[in-house]
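See structure below.
The figures here come from the full heavy-atom set of this structure, side chains too, leaving out hydrogens, waters and symmetry mates. Every chain is numbered from 1 and lettered A, B, ... according to where its sequence line falls, protein lines coming before strand lines.
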Number of protein chains: 2
Amino acid sequence: MKFENVLLGLLAMKPLHGYELMKWLDTEGQFLRSNTHHSQIYRELGRMVTNGLVEFHVDPREGRPDAKVYRITDVGREALVEWVHSPYQPTSRFQDADFNARFIFTAQLDPAAAIVVIDTELDYRRAQVLRSRTRSLTMADPDPIPEIDLARARRLGLAMHEFGKESVDRWIEWLEEMRASLVDEIASDTVAEASVTATPTEEARS
Amino acid sequence: MKFENVLLGLLAMKPLHGYELMKWLDTEGQFLRSNTHHSQIYRELGRMVTNGLVEFHVDPREGRPDAKVYRITDVGREALVEWVHSPYQPTSRFQDADFNARFIFTAQLDPAAAIVVIDTELDYRRAQVLRSRTRSLTMADPDPIPEIDLARARRLGLAMHEFGKESVDRWIEWLEEMRASLVDEIASDTVAEASVTATPTEEARS
DNA sequence: GTTACATGTGTGACGATGCACATAAGGAGC
DNA sequence: GCTCCTTATGTGCATCGTCACACATGTAAC
């Protein structure tokens with residue numbers, strides 16, 4: 001996943017300048033993608049201009065510094081559509097930009113494809129939960145730091161592990177809810193448009 | 001936060017080789033730190049040897065490839081203790097190695113310091129939840145991709161935002177539970193050792 | 001036999017990320 | 001006058017993270 005795609009998706013909705021993108025990713029968008037330093041945004045936008053994905057014009061403000069307002073280009077739109085239709089590969093970190101951006105921007109352009117994305121994510125997370133049950137090491141029989149408290153380490157490690165599993169389980173539940181509501185939406189859309197456009201409802205489940 | 005510190009903390013408990021570290025971080029330790037590629041582990045271990053934090057001896061196995069078993073050095077122990085007592089700075093991503101490693105390894109060496117770490121984390125997360133409520137942009141009035149569905153985007157964006165807040169809230173709850181159990185532990189330890197060592201119970205809350 | 005898988009350790013390359021530093025203008029408070 | 005905060009944009013550098021590729025051994029399946 002490239003950060004580029006997040007910016008591309010946002011700029012597809014509305015032209016914005018770097019500072020606005022930064023602010024949005026720090027407040028409303030902080031659960032879509034966290035850990036976004038402003039330097040990264042400006043650097044990325046610069047590269048996207050070079051690659052022709054976006055263009056900008058300088059907006060002079062009264063009483064405020066000038067701002068560069070970026071607008072997505074046709075090339076950018078094509079790149080966005082192409083990304084949305086490229087295969088999704090989950091990573092080990094859940095509830096992260098890798099999935100979130102893919103899901104949001106895919107759902108806008110192609111709801112059926114978004115369901116495939118969810119199913120891919122679900123398969124991966126379920127496997128992850130299973131993998132977390134295997135115990136590969138015993139952290140005993142140590143040569144530890146004198147002051148170290150191994151009993152506490154095990155207790156806290158276990159608590160952390162339990163909370164991690166709980167979180168993934170809740171994530172899986174949420175994904176299932178999202179999937180169900182998307183399926184409903186597609187179904188009602190299809191019914192509504194059936195007589196007009198006759199949109200085919202391909203079953204997206206692999 | 002440096003990945004180095006995670007390896008240092010684990011090796012303080014028990015000498016291990018790279019493959020074992022990799023396996024552990026992929027199964028039991030996946031909620032302490034995810035996204036760990038083996039190449040990163042071996043590279044990091046190599047650098048730590050250069051810096052004198054760890055040393056290794058080759059363990060010839062019957063029927064299996066040789067393994068390099070790494071053991072923490074005195075320099076490594078000092079570095080670990082120094083890291084544990086250095087100030088903790090939360091990052092925007094919650095439930096991540098940044099906090100997890102710091103918490104686990106601090107709690108082993110200095111439970112009172114671990115409470116300070118939790119409080120720092122709690123302050124930051126509560127502020128984050130508040131910050132998430134501010135609405136900095138309206139993603140309307142667009143010049144969108146023709147096929148784009150802005151209504152769906154808003155709906156899914158909101159759902160994602162809600163789930164994000166719920167997750168942070170649950171994270172805060174868990175932190176409070178951990179804090180309470182640590183406080184209890186310290187209190188009972190202090191009572192138990194009061195007549196023997198007369199350990200002072202400094203109030204860790206800032 | 002040979003193909004696949006698990007154990008084990010690495011290198012090279014490249015993009016992503018984070019932190020310090022830099023600049024510039026205006027407004028608020030002391 | 002001075003400092004601090006907000007808006008606004010950037011560069012430089014080090015580390016992190018990921019992928020491809022590489023090599024070595026033993027075992028289990030076909």
Seminar exercise, completed: Each nucleotide of nucleotides 17-27 of chain D classed B (base within 4.0 Å of a protein heavy atom), S (only sugar-phosphate) or -, in 5' to 3' order, makes BBB----BBS-
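Every residue was checked against the side-chain hydrogen bond (donor to acceptor under 3.5 Å, both in side chains) condition with B/Thr106, not counting sequence neighbours, and none meets it. Applying the side-chain contact (heavy atoms from CB on, under 4.5 Å) rule to B/Phe56 yields the partners B/Val49, B/Val58, B/Lys68, B/Tyr70; only residues at least two apart in sequence or on another chain are considered. A search for salt bridge (charged side-chain N to carboxylate O under 4.0 Å, His left out) contacts involving B/Asp169 returns nothing, not counting sequence neighbours.
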For this session: Begin with the C-alpha distance, continue with both residues' side-chain angles, and end with the deciding distance and a verdict on salt bridge (charged side-chain N to carboxylate O under 4.0 Å, His left out) for A/Lys23 and A/Asp26.
Result: CA-CA 5 Å; A/Lys23 276 299 181 193; A/Asp26 193 48; 5.1 Å; no
Exercise. Going through the checks in order, is the salt bridge (charged side-chain N to carboxylate O under 4.0 Å, His left out) test met by A/Arg126 and A/Glu176?
Worked result: CA-CA 12 Å; A/Arg126 285 171 183 143; A/Glu176 285 166 346; 2.7 Å; yes
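Atom CH2 of B/Trp174 is separated from atom CZ of B/Phe94 by 12.5 Å, given to the nearest 0.5 angstrom.
Counting to the nearest Å, the P atom of C/dT9 and the CD atom of B/Glu44 are 16 Å from each other. Atom CG in A/Leu21 sits about 13 Å away from atom C1' in D/dA8, given to the nearest Å. Taking atom CG of residue B/Asn5 and atom C1' of nucleotide D/dT15, one finds them 13 Å apart after rounding to whole Å. Computed from coordinates, the A/Leu45 CG to D/dT11 C1' distance equals 15 Å when rounded to whole Å. With rounding to whole Å, B/Asp66 atom CG is found 11 Å from C/dG10 atom P. Following rounding to the nearest Å, B/Arg61 (CZ) and C/dA6 (C1') show an atom-to-atom distance of 13 Å. For the pair B/Leu16 CG and C/dT9 P, the interatomic distance rounds to 11 Å; values are reported in whole Å. Going from atom NZ of B/Lys2 over to atom C1' of C/dC19 covers 12 Å, rounded to whole Å.
A salt bridge (charged side-chain N to carboxylate O under 4.0 Å, His left out) check over residues 80-94 of chain A, counting only residues at least two apart or in different chains, returns the pairs A/Arg93-B/Asp96.
When heavy atoms are screened at a 4.0 angstrom cut-off, A/Glu4 is found touching no nucleic acid atom at all.
Of the listed nucleotides (D/dT6, C/dG8, D/dC16), C/dG8 has the atom at the smallest distance from the side chain of B/Ala67.
A/Gln128 and A/Arg125 form a side-chain donor-acceptor contact under 3.5 Å, judged by distance and modelled atom types alone.
Put simply, A/Lys23 has a side-chain N or O that comes within less than 4.0 Å of OP1 or OP2 on D/dT7.
Rounded to 10 degrees, the angle separating the terminal axes of the helix from C/dG1-D/dC30 to C/dC30-D/dG1 is 30°, with each axis obtained from five end pairs.
With salt bridges taken as basic N to acidic carboxylate O contacts below 4.0 Å, one links A/Arg170 and B/Glu166.
Toward the 5′ end of DNA chain C lies the nearest nucleotide of B/Met22, the other residue of the pair A/Arg47 and B/Met22 mapping further downstream.
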